[in-house]
Amino acid sequence: MAALRLASITLCPAAAAASPSSAASAPRAASYACAAARGLPSLRLAPARPRRGDLVRARAAANPAAENYASALCELASESGTLDETVADLEKLEKIFSEEAVAEFFDNPTVLRTEKAELIDEIVKSSDLQPHVVNFINVVVDNSRAELVPQIVKEFETAYNALTGTEVATVTSVVQLESEDLAQIAAHVQKITGAANVRIKTRIDPDLIAGFTVQYGSDNSNFIDMSVRKQIAEITSELEMPSVTLDV
């Protein structure tokens, strides 16, 4: 395959679906968090080079606190030259904290801080987080704002994308696509958008039957549909015959 001029390609597993709202037990939350912290594959080709200059603030968050946390963390990562590493760490945390039981465990005032610290240690060891990301998680937990982690991650990614000229594309398929296929999709998105970097996120949707879809742009407003489901819908539409009235 021809060499790709991609500054950054990150392949991320689909986020785990949130469980129904319920009073989660500490063992269940701890067990899920530790399991989710393992096995998060990531592929990066030709590391991205952050642009120098003033920090580009993320778009307004639904929750101002999430924007404030993300802005502070992004500024710290930018100053220390660890933007790429930090966004990778946050993707791991997003997967873990998207499980409602985990956030409820950390935000529960009846759970001892020592118990929360033990779980944080497990997450840190399993995910190999950077020190400043560890400090960030401790601050969030101490302020009982664990439920904001997914929002904080999204706000951080928005600032990261602005700083590095990165376009994010979400590839949805029936089964996990090969790295080479995802790289070609990234190259296509890069060509049509002119982005300096392209990051790929993946998700699985059996309803597509086969093929894949690609969403990119602001709020995933641009859509490429290469699925069999679309092809079937088009064929069905073509086969529909208009009603004909016969005069007798």
Side-chain angles (χ1 to χ4, degrees), residues 10 12-26 28-37 40 55-80 82-83 85-124 126-127 129-163 168 170 199 201 203 218-220:
T10 301
C12 311
S19 65
S21 299
S22 61
S25 64
R28 178 176 180 276
S31 175
Y32 178 87
C34 294
L40 299 173
L55 177 65
V56 180
R57 180 174 291 273
R59 62 185 178 183
N63 188 309
E67 182 184 12
N68 292 335
Y69 279 114
S71 179
L73 184 59
C74 192
E75 184 173 0
L76 177 60
S78 180
E79 292 176 352
S80 61
T82 60
L83 276 171
E85 295 83 355
T86 302
V87 77
D89 283 354
L90 291 182
E91 285 170 352
K92 300 173 186 178
L93 292 177
E94 181 181 28
K95 179 178 177 64
I96 295 170
F97 282 82
S98 64
E99 174 62 33
E100 187 176 346
V102 176
E104 288 180 351
F105 170 82
F106 282 119
D107 288 344
N108 188 342
T110 66
V111 177
L112 296 178
R113 184 58 177 87
T114 54
E115 295 179 14
K116 297 178 182 179
E118 290 176 359
L119 181 52
I120 290 175
D121 288 342
E122 288 294 329
I123 293 173
V124 171
S126 300
S127 303
L129 302 178
Q130 299 173 90
H132 66 275
V133 177
V134 177
N135 292 339
F136 156 73
I137 284 298
N138 276 290
V139 170
V140 169
V141 170
D142 287 341
N143 291 333
S144 300
R145 305 311 296 269
E147 85 283 353
L148 289 181
V149 169
Q151 295 182 49
I152 295 171
V153 174
K154 286 180 173 59
E155 291 300 320
F156 183 93
E157 287 182 337
T158 299
Y160 170 89
N161 296 340
L163 281 169
V168 176
T170 301
R199 293 176 57 238
K201 290 189 174 184
R203 61 184 295 268
S218 177
D219 297 323
N220 283 329

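Excluded from the calculations below are hydrogen atoms, water molecules and symmetry mates; all remaining heavy atoms, backbone and side chain alike, are included.
When all heavy atoms are compared, the tightest approach of Ile96 to Ser127 is CD1-OG, 4.0 Å. Between Phe156 and Cys74, the closest heavy-atom pair is CE1-CA, 3.3 Å. The shortest heavy-atom contact between Glu94 and Pro150 is OE2-O, 4.4 Å.
In terms of the side chain to side chain donor-acceptor pair (under 3.5 Å) criterion, Asp121 has no residue partners (sequence neighbours excluded). Take Asn135 and apply the side chain to side chain donor-acceptor pair (under 3.5 Å) test, not counting sequence neighbours, and it matches no residue. Judged as a side chain to side chain donor-acceptor pair (under 3.5 Å), and not counting sequence neighbours, the contacts of Ser80 are Thr82. Every side chain to side chain contact (heavy atoms under 4.5 Å, CB included) that Asn138 has, sequence neighbours left out, goes to Arg113, Ile120, Val134. By the side chain to side chain donor-acceptor pair (under 3.5 Å) test, Glu157 pairs with Lys201, sequence neighbours left out.
Distance CG/Leu73 to CZ/Phe136: 5.5 Å, rounded to 0.5 Å. Atoms NZ and CD1, from Lys154 and Ile152 in turn, are 11.5 Å apart once rounded to the nearest 0.5 Å. Distance NZ/Lys116 to CG/Asp107: 7.0 Å, rounded to 0.5 Å. Rounded to the nearest 0.5 Å, atoms OG1 (Thr86) and CG (Leu129) are 10.0 Å apart. Within the model, atoms OG of Ser98 and CG of Leu93 stand 10.5 Å from one another, a figure rounded to the nearest 0.5 Å. Summarising the geometry, atom CD belonging to Glu155 is positioned 10.5 Å from atom CG belonging to Leu148; distances are rounded to the nearest 0.5 Å.
Of the candidates Leu76, Val124, Asp89, Asp89 is the only one forming a side-chain contact (heavy atoms from CB on, under 4.5 Å) with Val133.
Salt bridge annotation for Arg145-Glu147: present, with a cationic side-chain nitrogen under 4.0 angstrom from a carboxylate oxygen.
Proximity of Val140 to Val149: side-chain heavy atoms (C-beta onward) are separated by under 4.5 Å at one or more points.
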Exercise. Decide side-chain contact (heavy atoms from CB on, under 4.5 Å) for Leu83 and Leu163; before the verdict, give the C-alpha distance in whole Å, the side-chain angles of both, and the deciding distance to 0.1 Å.
Key: CA-CA 9 Å; Leu83 276 171; Leu163 281 169; 3.9 Å; yes

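Phe106 and Phe97 have parallel rings, their planes meeting at less than 30° on a 0 to 90° scale where 60° marks the start of perpendicular.
Between the side chain of Ser71 and the backbone N or O of Glu67, no donor-acceptor pair lies under 3.5 Å.
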